Asker: 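After the structure tokens below, expect a handful of questions from me.
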Amino acid sequence: MCEPGRTGRMIAVVGDPGSGKTHLLAALVRHRRSSGLPATVYRYSPGDEPEPFSPLRSALSPVPPPRAPDLPAADISRPGPRPSGRGLLVLEDAHLASSETIRELTAIATGRKHPRWDVIVSLRPRQTPFELAEAISLGVTFGHSSRIELAPLTDEQVVALLSRPLTQEIRRGDRNPFNLRALLALRQSWQHGRDAVVAPFDFAALLETQGLSASEHRVLQASVVLREHFDVELLSTVAELDQSQVSTAVRALVRRDLLRPDGVGQGFSIRNDVLGTLLHRSIDPIWAANAHRRAISGLAGRGPTSRELGFHLVHSLLRARPEELAQIVAAAWDVMESDVSESISWLTTVTERTSPTSATGRQARLALVAALGISGRMAESRDLLFDIRRHQEDLHEAGWADQVAFVCVAEGIASHDVQTLGLLGEQLDLPAARSSIVWPRMVFVHGLRLTMMVGEYDRRLIDAAIEAARRNGADPDVCGLLAIRALASIRAKDFDSALMDVSAAGEALSRWSERLVSQRLEYVFAVGLANLYLGRWSDARQQLQRGVATAYRTQRTFILPSLLVLLSEAERNLGLLHQARESARAAHHEAGSSSALRWPQALALQSLGEVWLQPPGSGRARALATRALSGHPSGPQVPVRGDINGSASMAVLALALSTWLDGDPQHCVTLLLNEGKGPQLTGLPRLQRGRGWELLCAAGLDAGLPIADWAARNEEHARSVSLPCHQAFALLSRGHVLRASGRTADAAECYLDAATLFASASMAIDQCYSLGLAAAELRALGRVTQAADLTDLAVEIAGRRDALTLLHWLNRQDDRPGRTRQPQPAPAEPEILDVLTRREREIAFLISSGLKRREIAEQLTISIRTVDVHLTRIYRKTGLSSMVELALAVTRPTGATRNAIGAGQGRISG
């Protein structure tokens with residue numbers, strides 16, 4: 001707009017109500033005025049009379065000639081600098097302008113009139129007159145005008161705007177700044193009783209109704225009551241108006257974009273749910289309650305859905321009847337699968353009107369226990385469960401036992417808490433427990449909790465529960481119990497039985513409907529966990545991906561961090577490093593402050609993925625592992641125990657591996673022995689010990705330490721576990737021992753056998769690592785061609801995974817005497833970090849990951865003053881000026897990184 005020597009043009013800013021047009025143009029006008037540039041704003045309002053003068057007159061009038069000075073030449077002072085650039089006219093809500101103004105705008109858009117100012121018009125697409133919309137399209141085609149469309153926000157933008165994880169699916173029509181802020185204000189009002197935060201949004205919604213007639217107001221209120229999928233006949237019943245009046249009003253409301261045809265028959269819907277909710281708050285409550293009663297009567301002959309019935313009943317409870325409250329509870333159970341927030345709202349209303357000892361009150365509270373747990377509000381769910389128990393001691397019904405089982409499993413998956421484990425034990429100890437239809441499910445939950453805590457469970461009890469579930473026809477329970485029996489068999493080292501059970505459970509799971517998966521996601525978790533323990537990474541990934549997608553779609557927040565953690569572990573073992581990192585990041589994001597169990601585990605998994613994925617020497621893996629070991633910031637600041645969920649062991653493995661790759665094998669050995677509580681590595685989970693002993697041997701060999709004992713322990717472990725990946729780690733350890741004793745050929749054979757086993761288990765990164773070791777030994781034997789082929793294969797696989805540190809390590813191993821080779825640049829880290837020292841890079845990454853200066857100082861055992869000094873040097877060296885810029889520079893892939901990857905791929909093709 002500020003290009004000199006050009007005439008003005010039209011710029012159309014198009015977007016649905018609330019998409020941010022007004023804020024965008026206000027920022028533009030403020031910027032121009034602060035720069036001394038002229039800007040005029042005119043806003044059209046609905047229902048206004050035709051304007052007495054056209055605001056376009058100034059923009060279309062010719063440039064006035066300069067006036068002769070009235071003062072003598074001697075008294076003329078030197079004129080000050082005049083602002084450069086054309087004037088600007090902003091016409092807000094131009095679709096509401098008079099027909100004469102629309103004709104003038106049409107002429108400007110098509111180039112028939114040439115304004116001396118730039119003219120910006122903000123338009124709503126559904127209300128823009130056809131001739132103006134067509135003229136703008138033609139003007140854009142021929143260069144006479146421009147069009148900027150404000151689209152609905154993406155998931156990332158929604159999360160950034162709300163500053164919190166998404167806990168529910170937000171419809172496309174609600175994905176604009178106004179609606180999202182209004183949703184946040186409404187939620188704060190409901191939770192904290194602060195109506196003042198909603199007042200600006202209420203006022204904005206009421207402005208939309210300005211200029212409506214009395215009948216149009218009445219029809220709009222009836223539409224707000226019905227909300228969606230209503231027709232003229234139903235509107236007439238609720239509004240208590242003649243159908244002809246309603247039809248006329250509906251046409252006017254559609255033109256105002258307050259109602260929209262819903263594409264289902266001849267029906268209409270309110271523009272979006274947020275507008276409906278805001279307008280509903282302004283309706284007289286007595287009239288609204290009676291209108292909802294009329295809506296129930298009107299829908300009675302049409303078969304209302306559970307959502308419709310529950311919505312109208314909740315909003316018409318001025319004279320609540322017990323049977324209606326029971327209907328709301330039943331509707332809430334149905335709605336819980338698609339909109340858990342709505343279900344919580346309805347059930348809260350019922351619990352406020354009923355006693356906890358009444359049948360309806362108890363059923364409503366049990367349903368609310370489930371809804372709160374599903375949405376991740378575990379503390380509230382658990383407290384309500386104990387409150388029900390306190391008010392009624394003799395609860396033996398199936399619904400109570402089912403909710404005890406649900407809260408117990410949700411508690412176990414999300415945290416270490418054991419408050420509800422005692423309640424579940426009480427239910428299992430009841431004499432009539434085995435005759436209950438929910439007994440198999442209770443056994444599943446109890447078995448999963450004990451298996452995760454101590455690793456053992458009574459297999460005979462599981463067998464009895466499986467038989468009971470089959471007699472009851474409860475196939476989902478059979479699937480979950482098979483997974484628990486597989487976990488128990490793994491603990492007993494009966495891997496053949498475990499494989500049979502987990503395969504049967506996986507086949508059953510693949511036949512489930514999406515609705516059944518959403519209702520029993522804890523069974524998906526158990527099956528995925530058993531597959532991971534058995535090294536069946538691909539099967540685990542397939543099942544967990546389905547579980548994650550279903551959990552997101554149905555708002556099962558409580559289980560998302562755990563499913564994502566397992567998914568990241570499966571993807572990392574498959575060599576899908578980018579996917580594993582993103583899954584771990586999502587787990588960390590979803591865990592937030594609600595899951596102190598999964599929060600450090602997700603960070604540890606990120607660090608393990610970054611070990612090979614990061615540019616060499618970047619320090620990312622170390623920084624993430626350090627954060628993981630420090631535990632959740634809002635929890636007790638005690639070291640994370642590796643024997644609970646593997647967080648510490650995975651973080652220490654990442655630290656140890658990074659230390660070894662950076663050339664400090666002695667420190668690597670010290671880290672592993674300290675965390676593992678000695679050479680037995682009993683401090684590591686059983687399934688991590690093979691990897692730990694292999695790394696001990698590799699680092700110990702470089703440090704000149706005796707490693708035979710560690711290798712022997714690894715081989716004994718592999719014989720007891722009897723899975724391909726563990727056998728492969730044992731072969732690597734044996735190869736290190738053979739290499740230390742000078743038996744180069746035997747060492748190469750062990751490394752090749754290990755690579756074959758890793759390939760059979762689809763563990764691409766470990767396969768590349770084994771191939772690199774084998775190539776180095778073959779090269780020492782003079783078998784240069786075979787070594788070169790193995791290295792090329794490893795480089796190709798690593799290059800496809802963008803494993804920059806692995807490529808760098810392979811290049812270090814690729815010391816081929818007698819072979820001419822083009823010099824290869826080592827994969828470099830982002831250019832912006834090249835000028836930093838290792839400590840500065842580490843602090844830059846910690847700052848960009850969200851830590852405060854005090855937290856960084858505590859983690860690195862330095863003073864805050866030292867952190868400030870490093871930050872000053874970082875900003876001075878990089879030329880950056882803010883933490884935001886630094887975070888973008890650290891995380892953005894840059895030219896150096898891309899060139900390094902491309903160079904590796906070029907060598908492959910060569």
Side-chain angles (χ1 to χ4, degrees), residues 451-456 487 489-495 498 529-537 540 565-566 569-570 572-573 601 604-605 607-608 611 625 628-629 639-660 665 668-701 705-737 750 754 757-758 761 763 765-766 769-770:
T451 301
M452 292 175 66
M453 292 171 63
V454 299
E456 296 179 351
L487 291 170
S489 298
I490 292 170
R491 179 70 179 182
K493 301 178 183 179
D494 186 358
F495 294 98
L529 184 65
N531 273 315
L532 286 180
Y533 282 166
L534 291 170
R536 294 158 55 98
W537 319 116
V565 159
L566 297 189
E569 177 71 3
R572 182 179 62 82
N573 280 287
Q601 199 173 24
L605 284 168
S607 68
L608 270 177
V611 167
L629 286 170
V640 179
R641 294 169 52 198
D643 58 345
I644 293 289
N645 64 352
S647 300
S649 63
M650 289 185 288
V652 168
L653 280 173
L655 280 175
L657 186 53
S658 297
T659 303
W660 175 59
C668 171
V669 171
T670 302
L671 283 170
L672 288 172
L673 292 178
N674 286 345
E675 175 61 27
K677 300 178 182 177
Q680 298 85 3
L681 298 186
T682 55
L684 304 186
R686 290 177 61 84
L687 295 178
Q688 298 285 357
R689 292 175 193 171
R691 194 182 297 269
W693 275 311
E694 187 280 323
L695 184 54
L696 267 178
C697 292
L701 178 62
L705 301 174
I707 61 174
D709 179 62
W710 299 333
R713 294 179 187 278
N714 206 357
E715 292 189 55
E716 181 182 357
H717 174 72
R719 284 192 296 270
S720 66
V721 175
S722 186
L723 293 175
C725 59
H726 296 281
Q727 294 169 1
F729 285 123
L731 282 170
L732 290 179
S733 298
R734 186 193 305 170
H736 298 326
V737 173
C750 284
L757 285 173
F758 283 131
M763 299 173 68
I765 299 301
D766 296 291
Y769 171 69
S770 304

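The residues of the chain are indexed from 1 along the displayed sequence. All heavy atoms count here, side chains included; hydrogens, waters and symmetry mates do not. From a predicted model like this one, the values you see are computed outputs, not experimental measurements.
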Asker: Taking all heavy atoms of Ala651 and all of Ser607, pick out the closest pair and write down the distance.
Answerer: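 Minimum heavy-atom separation between Ala651 and Ser607: CA-OG, 4.3 Å.
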Asker: Do side-chain atoms of Asn714 reach the backbone of Gly690 as a donor and acceptor pair under 3.5 angstrom?
Answerer: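 Yes; judged by distance alone, with no hydrogens or angles, the pair exists.
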Asker: Any chance you could measure Leu673, atom CG, to Trp710, atom CH2, to the nearest 0.5 Å?
Answerer: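 Spacing of CG (Leu673) from CH2 (Trp710) equals 5.5 Å.
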Asker: Given side chains that start at C-beta, do those of Leu723 and Tyr533 come closer than 4.5 Å, heavy atoms only?
Answerer: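 The answer is no; the side chains never approach within 4.5 Å.
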Asker: Quick one: does any side-chain atom of Trp693 pair with a main-chain N or O of Pro679 as donor and acceptor, under 3.5 Å?
Answerer: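 Between the backbone of Pro679 and the side chain of Trp693 there is a qualifying donor-acceptor contact (under 3.5 Å).
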Asker: Out of the candidates Thr670, Leu672, Leu671, only one should pair with Asn674 under the side-chain contact (heavy atoms from CB on, under 4.5 Å) rule; please name it.
Answerer: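 Result for side-chain contact (heavy atoms from CB on, under 4.5 Å) with Asn674: Thr670.
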Asker: Heavy atoms only: give me the nearest Ala698-Tyr769 pair and the separation to one decimal.
Answerer: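 Nearest pair, atom of Ala698 first, then Tyr769: CB-OH, 3.8 Å.
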Asker: Testing the basics here: between Gly692 and Leu684, what is the closest heavy-atom pair and its distance to 0.1 Å?
Answerer: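 Gly692 and Leu684 have their closest heavy atoms at CA-CD1, 4.5 Å.
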Asker: Identify the two heavy atoms, one from Val669 and one from Ala699, that lie closest to each other, and give their separation to 0.1 Å.
Answerer: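 Between these two residues, the closest heavy atoms are CG2-CB, 3.8 Å.
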Asker: Do NZ/NE/NH1/NH2 and the carboxylate oxygens of Arg719 and Glu716 come within less than 4.0 Å?
Answerer: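 Salt bridge flag = no for Glu716 with Arg719.
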Asker: Before giving the answer on side-chain contact (heavy atoms from CB on, under 4.5 Å), spell out for Leu605 and Arg572 the whole-Å C-alpha distance, their side-chain angles and the decisive distance to 0.1 Å.
Answerer: CA-CA 8 Å; Leu605 284 168; Arg572 182 179 62 82; 4.1 Å; yes
Asker: Is there a side-chain contact (heavy atoms from CB on, under 4.5 Å) between Leu681 and Leu696 once you walk through the steps?
Answerer: CA-CA 10 Å; Leu681 298 186; Leu696 267 178; 4.1 Å; yes
Asker: Is any side-chain heavy atom of Phe758 less than 4.5 Å from a side-chain heavy atom of Ile765?
Answerer: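 Side-chain contact under 4.5 Å: no.
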Asker: Could you tell me whether the side chain of Ser720 and the main chain of His717 form a donor-acceptor pair under 3.5 Å?
Answerer: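 Looks like yes, one N/O pair under 3.5 Å.
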Asker: Could you walk me through whether Leu695 and Cys668 pass the side-chain contact (heavy atoms from CB on, under 4.5 Å) test, one step at a time?
Answerer: CA-CA 8 Å; Leu695 184 54; Cys668 171; 3.9 Å; yes
Asker: Taking all atoms of both residues into account, what is the closest heavy-atom pair of Ala530 and Leu487, and its distance?
Answerer: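 Looking at all heavy atoms of both residues, the closest pair is CA-CD2, 3.7 Å.
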Asker: What's the spacing between Leu608 CG and Leu657 CG if we round to 0.5 Å?
Answerer: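 Between atom CG of Leu608 and atom CG of Leu657 there are 8.0 Å.
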Asker: Please assess His736 against Glu694 for the test side-chain contact (heavy atoms from CB on, under 4.5 Å), listing each intermediate value before the final yes or no.
Answerer: CA-CA 8 Å; His736 298 326; Glu694 187 280 323; 2.8 Å; yes
Asker: Taking side-chain contact (heavy atoms from CB on, under 4.5 Å) as the test, write out the residues that go with Gln680, two or more places apart.
Answerer: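 Partners of Gln680 under the side-chain contact (heavy atoms from CB on, under 4.5 Å) test: Thr682, Arg713.
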Asker: Taking the side chain as C-beta and beyond, is there a heavy-atom pair between Asp766 and Arg691 under 4.5 Å?
Answerer: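 Yes, close enough: below the 4.5 Å cut-off.
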Asker: Taking all heavy atoms of Ser770 and all of Ala754, pick out the closest pair and write down the distance.
Answerer: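 Taking Ser770 first and Ala754 second, the nearest heavy atoms are OG-CB, 4.1 Å.
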Asker: For Ala570, what residues pass the side-chain contact (heavy atoms from CB on, under 4.5 Å) criterion, not counting sequence neighbours?
Answerer: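 In terms of side-chain contact (heavy atoms from CB on, under 4.5 Å), with neighbours along the sequence ignored, Ala570 is linked to Leu532, Ala540, Arg541.
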Asker: Name all residues meeting the side-chain contact (heavy atoms from CB on, under 4.5 Å) criterion together with Ala498; count only those two or more places apart in sequence or in a different chain, and write none if there are none.
Answerer: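 Residues passing side-chain contact (heavy atoms from CB on, under 4.5 Å) with Ala498: Ala486, Ser489, Ile490, Leu534.
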